[in-house]
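Okay, so here's the structure we're looking at.
When a ligand or atom number is given, it counts from 1 through the structure's own listing order. All values derive from a computational prediction rather than experimental measurement.
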Amino acid sequence: MITSLLMISQVFDRVYLLQLPIPFPVKTTNVYYVDHSPRTLIDTGLKTEASFEALRKGLEALGIGFRHVERILITHGHIDHYGQAKKLSALSGAPIYIDSKEYGRIRSILHSLGFLKSILLRNGVPKGLVEEAIHYIESAQALADPLEDAFFLKDGDEVPFQSMTLKTIHCPGHSPGLLCFHWPEKKILFTGDHLLKR
Ligand SMILES: [Zn+2]
């Protein structure tokens, strides 16, 4: 059992938590590696050098490289969860799975900034604050690659492995299309940000 390294821990038999650095107050984002066939990552972390290296080293400690990853599941479309999915998919050939609403939000966010700006201004938000908000969104989006090719999952879908099956549960709230992944036999639920510590 790997427990000595700070960034990686075994949370269950052949299920590992990799905590990847993010430059936000929460400091890390959770990525899970499920070491069952097909080898699967749940979420990916941001598209930063630090996050990429942390994931590379974490997987290396488990004896695998990016080329061994066979599937990428995304819980929801926030940059710290899908940010480097496209890059990892290109390196590994692993297909990406996500809820279609989250995919749509990821694809549309940069195109909708003009609309957002006009709504904020029309409703009396001071111009300086609007510029600041737009700038914040634009710089945050630079930490993630928009997804292109992806397969869609919805509530109740099955995500098969050779030895078990995860079931998707749609849990809107934190994000409209957030999916949790449930492993009923083991009473394990991968929740993304549906459950947060505080
Ligand atoms: Zn989130």
*Taking the six-membered ring for Trp and the full ring for Phe, Tyr or His, determine whether the centres of H76 and H81 are under 6.0 Å apart.*
yes
*Between CG of L41 and CG of L88, what distance do you get to the nearest 0.5 Å?*
6.5 Å
_Quick check for you: to the nearest 0.5 Å, what is the distance between I119 atom CD1 and K117 atom NZ?_
14.0 Å
*Judged by atom type as modelled, is there a donor-acceptor pair below 3.5 Å linking the side chain of D155 to the main-chain atoms of H170?*
yes
*Report the name of the N/O/S atom of D193 located nearest to the Zn ion (ligand 1).*
OD2
*Checking only N/O/S atoms, does H174 have one that is under 2.8 Å from the Zn ion (ligand 1)?*
yes
*Opening angle at the Zn ion (ligand 1) [NE2, H76; ND1, H78; to 10 degrees]*: 100°
